[in-house]
Amino acid sequence: MRGGLALLRRVMRNRLAALGLVLLTLIVLAALAAHVLPLADPDAIDPARRLLPPFSAGAWLGTDTLGRDVLARLVWGTRLSLGVGVAASLLAALVGSAIGLVAGYAGGRTDGVLMRGIDVLMAFPYLLLALAIVAALGPGLLNALYAVVVANIPFFARNVRGATAGLRRREFVDAARLSGMGEARILLGEVLPNVLPVIIITASTTVGWMILETAGLSFLGLGSQPPQADLGSMLSEGRKALITAPHVAAVPGLVVFLIVMSMNLIGDGLRDALDPRLRSGIPGAPGAATRVERAAGGGGNSAPDPGALLQVTGLRTAFDTAGNRADGPVDAVKGVDLRVAPGECLGIIGESGSGKSVTALSIARLVASPPGVVRGGSVRFAGDDLLALPVGALQRLRGGRIAYVFQDPLTTLHPLMPVGAQVAEALRAHRPVPRAEADRRVVELFAAVKLPDPTTLVHAHPHELSGGQRQRVGIAMALANDPELIIADEPTTALDVTVQAEILDLLDDLRRRRGLAVVFISHDFGVIARLCDRVAVMFQGEIVEEGDTRSVLTRPRHAYTRRLLAAVPVLGRSRRPETPPRGASSVGWAVEVRDLVKTYAARRSLFGRSRPAVTALKAVSLRVAAGETLGIVGESGSGKSTLARSLVGLSRPTGGTVRLDGRPLAELAAEGPRALGRTVQYVFQDPLSSLNPRKTIRRTLTAPLRFLAGVPAAEREGRLAGLMRSVDLDPAILDRYPHELSGGQAQRVAIARALAAGARIIVLDEAVSALDVSVRQQVLHLLAALKERHGLTYLFISHDLAVVEAIADRVVVMAAGAIVEEGPGDRLFAAPEHPYTRRLIAAVPTLPS
Amino acid sequence: MRSYILGRLAALVPVLFGLSVIVFLIMALIPGDPATAILGPYATPENVARLRQDLGLDHSLPVRYATWLGNVLAGDLGRSSSLNRPVLDEVTERFAATLVLAGAALVLASVLGLLAGILSAVRQFGLADKLVTLAVLVGISMPTFWLGLLLILVFAVRWQLLPVSGMVSIYGGGDLPDLLWHLALPAATLAIVAAGVIARLTRSAMLEVLRQDFVRTARAKGLTERRVVFGHALRAAMVTVIPVIGIQAGFVLGGAVYIETVFQWPGIGRMLVNAIATRDVLLVQGGVLVVAASYVLFNLLADILQRLLDPRIAP
């Protein structure tokens with residue numbers, strides 16, 4: 001109810017939606033009060049008073065062909081049309097949503113059968129299906145209603161199914177299952193609340209159509225039959241006197257129009273209020289260049305430095321969103337100074353929200369605007385102030401003398417264009433090169449960035465390349481016009497560590513051979529140390545320290561830099577004290593995996609190419625003693641996540657066995673969610689996707705207490721508070737929603753959920769990877785303390801070798817679905833035996849000691 | 001690409017099958033006995049029994065469906081009882097007239113909708129955007145049967161610029177200018193709603209795409225804004241707009257029923273409404289089947305076009 005009121009308030013804030021709501025309310029009130037209002041008898045025929053014009057005495061809106069009062073008929077007709085339209089809408093929403101929910105949640109064959117049926121309904125043009133149904137049932141208002149309902153069911157079924165199928169794979173549904181919730185409870189308690197906005201939005205778009213279509217069927221003579229009249233049949237009758245008395249047809253049509261329009265206005269308002277993407281400020285399509293609004297004398301007063309290629313002085317960039325207009329725009333960059341000499345590499349390092357990317361994008365005015373705005377300072381490139389350049393001149397510089405390399409090449413390359421054409425376009429944007437010559441240049445560039453088989457690869461689309469190959473294309477694009485400055489914004493963050501090492505080598509090599517200046521943005525000290533001459537450390541929009549990379553890293557002066565550096569786990573630095581090897585306890589191993597195989601079956605389409613079978617796990621075996629922490633490291637595609645999910649039954653292995661505390665997983669699972677959830681728990685990578693966005697922390701944590709531990713309602717409050725305190729959270733935030741928490745707090749909640757029912761085995765799947773360095777360190781400390789206190793067994797899966805070294809007693813290294821090496825952490829990292837492990841360790845960027 | 005088309009064609013088989021079953025069942029399950037209805041005052045028990053046998057009504061439903069489907073596949077849709085001519089002849093003639101009307105309306109709606117949508121996305125919150133948004137709101141809320149009447153009043157009755165109704169002039173008509181003269185009002189009326197929907201979705205698709213990282217990359221390359229909007233953003237937005245145009249084709253075909261009634265256009269929509277009123281079962285069946293099957297094929301074309309644009313779509 002509280003949510004409903006809040007929603008209403010948000011909708012009313014939209015002026016047009018408020019207008020629609022007022023209009024519709026008036027119409028509905030008039031229709032509801034039809035028998036109270038002082039109206040003439042709508043069916044009283046009076047041939048003497050035929051076709052009176054509006055504003056006649058005793059007939060405000062005139063009379064129709066039979067002398068009946070138009071106003072009275074209008075009110076009663078509106079009542080009928082509204083009633084039928086709303087009833088149709090409710091019916092279609094109910095049936096369609098139920099089909100969509102079941103199909104989307106069940107998946108597989110049920111989904112197939114239900115959706116094929118919906119496809120067949122969708123194969124009819126909208127109104128034609130309604131016509132066919134009326135043809136079968138015979139004309140009549142109720143039959144028209146059924147016809148419109150059937151014709152609209154597919155819209156609900158499709159939208160709801162899509163949303164449900166997306167949610168079914170979300171981690172919070174997996175987490176709910178591990179909290180002991182049954183399938184029906186998950187569907188109604190976890191999925192439905194998240195699907196509800198989709199149902200409301202679909203209803204708000206279709207209710208207008210349904211009123212239109214029922215009126216339309218009546219207009220065609222297939223809906224309401226005389227003497228009963230809705231707006232459509234009134235319109236149809238009025239048509240007979242169209243030329244002599246147009247008001248008889250015009251008035252009911254206008255009312256239909258007003259009803260549908262007010263519903264559309266409300267629908268738009270609802271959609272804006274419910275769509276989270278629209279809720280967070282202005283949806284804004286960014287323009288060609290970031291807006292510059294420098295106060296008089298706010299920039300350009302710096303003396304140009306003739307030795308600098310790039311000189312940034314007092315740069316201030318803000319985000320001007322509607323939500324914060326009251327207290328002014330928020331500065332993301334608060335007066336940054338930078339200087340880059342020709343051929344020099346400057347690193348900018350900081351945690352998320354430090355303003356490092358915004359600084360990098362501000363240089364060529366690529367910060368999305370709106371909402372971005374440069375509020376002060378100057379950016380001089382070879383003497384010119386870029387902030388004062390007209391857009392045309394700026395476009396000549398972009399991709400010409402200043403080139404960018406962005407973070408995730410999958411989203412930064414155009415998905416529908418061959419990669420070669422995208423690079424050729426960069427060439428031709430700056431020089432009138434004939435097409436054939438541009439193509440030849442692209443092949444040369446691809447060879448220069450060491451892409452395999454460049455002549456074939458130019459025709460590939462981004463999705464056909466690996467992450468590393470895509471980033472090489474991005475670099476080739478940046479090199480196309482021999483720039484003097486490359487600005488690289490986290491270019492290796494989305495890549496595996498061995499691929500990252502290759503890309504860094506390539507960038508380093510290119511920069512030295514071509515004498516490029518580079519601004520390199522990263523959150524990783526190791527990466528910066530490998531590449532950059534100088535480094536600037538950013539914190540909350542300001543540069544807190546800058547200097548020669550080596551001296552900043554070895555002798556940090558600023559307290560923030562010191563804190564950050566101390567928090568970075570560095571491979572080879574966090575040797576743990578020798579722990580005696582542990583064996584099986586009296587009940588056996590805590591976790592015992594034998595010959596686990598997972599194969600994704602080949603898929604063959606009737607005519608198309610077939611997808612070969614993929615083996616994600618090739619007979620993996622491992623054992624973990626109670627109280628031990630086993631680290632599992634590997635790159636993407638190594639099978640480490642499939643292994644982790646198999647341990648809690650979220651992925652069904654094709655072969656092999658898993659035993660937890662000596663009992664087969666299959667046996668535990670067969671006992672129901674309770675037995676399994678009290679033995680093993682799981683912490684996912686991203687807490688925001690593993691916590692249900694529409695449930696408070698209290699409700700999320702109550703689930704395992706109630707369904708797994710069976711804690712009676714009276715005792716839950718105390719248990720919840722204790723649980724929160726055990727993960728260093730204030731119980732006062734129990735009633736918050738996940739999006740109101742920081743990343744670190746949310747992950748602590750996820751850990752608390754895993755601990756709630758007393759499971760001793762915890763699978764941590766990249767559980768600290770999404771967190772910033774300093775937060776990550778705190779969570780790692782918390783995990784260590786909890787293990788000590790509760791005697792937990794951890795399986796710690798990560799791609800980050802340094803983090804694993806810091807926490808794990810024993811480590812297994814996985815590659816291509818198999819374990820390639822296994823051993824105590826200190827031995828394995830100090831003296832790796834397998835060539836892959838050696839390559840992996842060598843690829844990790846290190847800090848100068 | 002060829003395997004994609006073959007795959008899609010194969011996927012059509014069950015849809016067309018389902019469609020034929022529904023069309024058959026709707027007509028077969030009509031309450032009341034068609035033989036009695038056809039015979040009217042001559043419905044003596046003997047006559048009814050004989051006609052039932054002639055119509056094959058004494059067989060079981062699956063047998064009747066198989067017979068019916070066999071005839072349909074052989075091009076025999078039966079004979080219209082009210083018009084006393086083969087259903088197929090009547091349907092093809094009327095459907096051609098509808099295709100002219102609906103085709104013109106769809107082209108008009110797509111061109112107008114795309115242009116308006118792009119304009120209002122690129123000039124978001126500007127005057128053009130506000131005007132387009134208002135026009136779209138009015139367009140999608142408009143009962144077309146009412147709008148058609150108003151337009152007739154203004155353009156045909158008051159100003160006498162355009163004909164009130166019909167597809168060609170009765171005397172000396174029939175050439176292309178005459179057809180276009182008659183087509184103007186009904187096609188424009190029919191296009192209004194679809195144009196609004198297409199404009200609205202083009203706008204939101206463009207706004208979504210313009211925020212994507214690859215548009216920033218295009219700008220970082222130094223491309224001009226025209227190239228960024230039309231070469232990069234629109235290309236990606238079309239992937240979401242094309243299916244919408246496919247769906248709108250269905251709404252336009254359906255909406256044609258109203259427009260044909262209002263403008264006395266001799267299309268299949270008006271034929272269907274009349275056939276329902278006279279309970280001409282075979283004519284309704286044949287008309288619905290032909291229109292629905294054509295719509296399915298049209299959507300296949302839309303899918304193929306979308307696949308040509310987007311190589312990521314799996315076969």
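Sequence lines set the chain letters: A, B, ... in the order given, protein chains first and strands last, and positions in each chain run from 1.
- When A/L254, A/I243, A/L427 are compared by the number of non-hydrogen pairs under 4.5 Å with chain B, A/L254 comes out ahead.
- Of the listed residues A/R239, A/R116, A/H430, the one with more heavy-atom pairs under 4.5 angstrom with chain B than any other is A/R239.
- A 4.5 Å side-chain heavy-atom check between B/I247 and A/Y126 finds every atom pair outside the cut-off.
- In this structure, no portion of A/A364 lies under 4.5 Å from any heavy atom of chain B.
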Show me the side-chain donor-acceptor pairs of residues 214-221 of chain A shorter than 3.5 Å, one per line, residues at least two apart or across chains.
unit_1, atom_1, unit_2, atom_2, d
A/T214, OG1, A/M210, O, 2.7
A/T214, OG1, A/I211, O, 3.1
A/S218, OG, A/T214, O, 3.3
A/S218, OG, A/S224, N, 3.1
A/S218, OG, A/D230, OD1, 3.2
A/S218, OG, A/D230, OD2, 2.8

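- With a 4.5 Å cut-off on non-hydrogen atoms, B/A121 touches chain A through its backbone but not through its side chain.
- The salt bridge (Lys or Arg N to Asp or Glu O under 4.0 Å) contacts involving residues 218-232 of chain B comprise A/E425-B/K221, A/E425-B/R227, B/R219-B/E225, where partners must be two or more places apart or lie in separate chains.
- The side-chain heavy atoms of B/I276 and A/L131, taken from C-beta on, include a pair separated by under 4.5 Å.
- Using a 4.5 Å cut-off between heavy atoms, A/Q407 does not touch chain B at all.
- Comparing A/R396, A/E464, A/Q422 by how many heavy-atom pairs each has under 4.5 Å with chain B, the most go to A/Q422.
- Counting heavy atoms from C-beta on, the side chains of A/P286 and B/R216 never come closer than 4.5 Å.
- When all heavy atoms of B/S141 and A/M261 are compared, the closest pair comes out as OG-CA, 3.3 Å.
- If you run side chain to side chain contact (heavy atoms under 4.5 Å, CB included) between A/P125 and each of B/L253, B/V257, B/V288, B/V252, only B/L253 comes through.
- Contacts between A/F406 and chain B at a heavy-atom distance below 4.5 Å involve the side chain alone, from C-beta outward.
- Most heavy-atom pairs under 4.5 Å with chain B, from the set A/R365, A/M263, A/M477: that is A/M477.
- A distance of 10.5 Å separates CG of A/D119 from CG of B/L12, quoted to the nearest 0.5 Å.
- Of all heavy-atom pairs between B/I140 and A/V260, the closest is O-CG1, 4.3 Å.
- Judged by distance alone, the side chain of B/H232 and the main-chain N or O of A/H414 form no donor-acceptor pair under 3.5 Å.
- Under a 3.5 Å cut-off, the side chain of A/T412 and the backbone N or O of B/T217 do not form any donor-acceptor pair.
- Taken from CZ in B/F214 to CG in A/L410, the straight-line distance is 11.0 Å, to the nearest 0.5 Å.
- Between B/R200 and A/D268, at least one side-chain nitrogen of the basic residue sits less than 4.0 Å from a carboxylate oxygen of the acidic one, meeting the salt-bridge criterion.
- Contact between B/Y295 and A/M122 at its shortest, heavy atoms only, is CE2-O, 3.6 Å.
- Shortest non-hydrogen contact noted between B/P143 and A/G253 is CG-O, 3.9 Å.
- Between atom CG of residue A/L121 and atom CD1 of residue B/I22 there is a gap of 5.0 Å, rounded to the nearest 0.5 Å.
- For A/E213, the parts lying under 4.5 angstrom from a heavy atom of chain B are both the backbone and the side chain.
- Ranking A/A368, A/A249, A/G287 against chain B, the residue ahead of the rest is A/G287, based on heavy-atom pairs under 4.5 Å.
- For the options A/P139, A/G138, A/A288, A/A429, heavy-atom pairs under 4.5 Å to chain B are most numerous at A/A288.
- B/D310 touches chain A through backbone and side chain together, each having a heavy atom under 4.5 Å away.
- The shortest heavy-atom contact between B/R279 and A/A136 is NH2-O, 4.1 Å.
- Going from atom CG of A/L416 over to atom CE of B/M238 covers 11.5 Å, rounded to the nearest 0.5 Å.
- The shortest side-chain heavy-atom distance between A/L235 and B/L149 falls under the 4.5 Å cut-off.
- For a residue to count as touching a neighbouring chain, one of its non-hydrogen atoms must lie under 4.5 Å from one of that chain's; by this rule B/V262 touches chain A with backbone and side chain alike.
- Open room surrounds OH on A/Y146; 12 or fewer heavy atoms of other groups in view lie less than 6.0 Å from it.
- With a threshold of 4.5 angstrom between heavy atoms, B/L272 approaches chain A through side-chain atoms but not through N, CA, C or O.
- Distance CG/B/L137 to CG/A/L265: 4.5 Å, rounded to 0.5 Å.
- With rounding to the nearest 0.5 angstrom, the OG1 atom of B/T144 is 7.5 Å from the CG atom of A/L212.
- Taking both residues in full, the closest heavy atoms of A/A135 and B/V284 are given as CB-CG1, 3.8 Å, listed atom of the first, atom of the second, then distance.
- Neither the backbone nor the side chain of B/L25 comes within contact range of chain A; no heavy atoms are under 4.5 Å apart.
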Give the C-alpha distance, both sets of side-chain angles, the deciding distance and a yes or no for side chain to side chain contact (heavy atoms under 4.5 Å, CB included) between A/V120 and B/F17. CA-CA 9 Å; A/V120 170; B/F17 173 74; over 6 Å; no

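- The contact between A/A132 and chain B is made by backbone and side chain atoms together, counting heavy-atom distances below 4.5 Å.
- For B/V15, the parts sitting under 4.5 Å from any heavy atom of chain A are the backbone and the side chain alike.
- Residue with the most contacts toward chain A among B/V23, B/L19, B/V273: B/L19 (heavy-atom pairs, distance under 4.5 Å).
- The side-chain heavy atoms of B/T224 and A/Q395, taken from C-beta on, include a pair separated by under 4.5 Å.
- For B/L223, the parts lying near chain A are the backbone and the side chain together; criterion is any non-hydrogen pair under 4.5 Å.
- Taking chain A as the reference chain and counting heavy-atom pairs below 4.5 Å, the highest number among B/A292, B/A220, B/P14, B/G18 is found for B/A220.
- B/V209 does not touch chain A: none of its heavy atoms, backbone or side chain, sits under 4.5 Å away.
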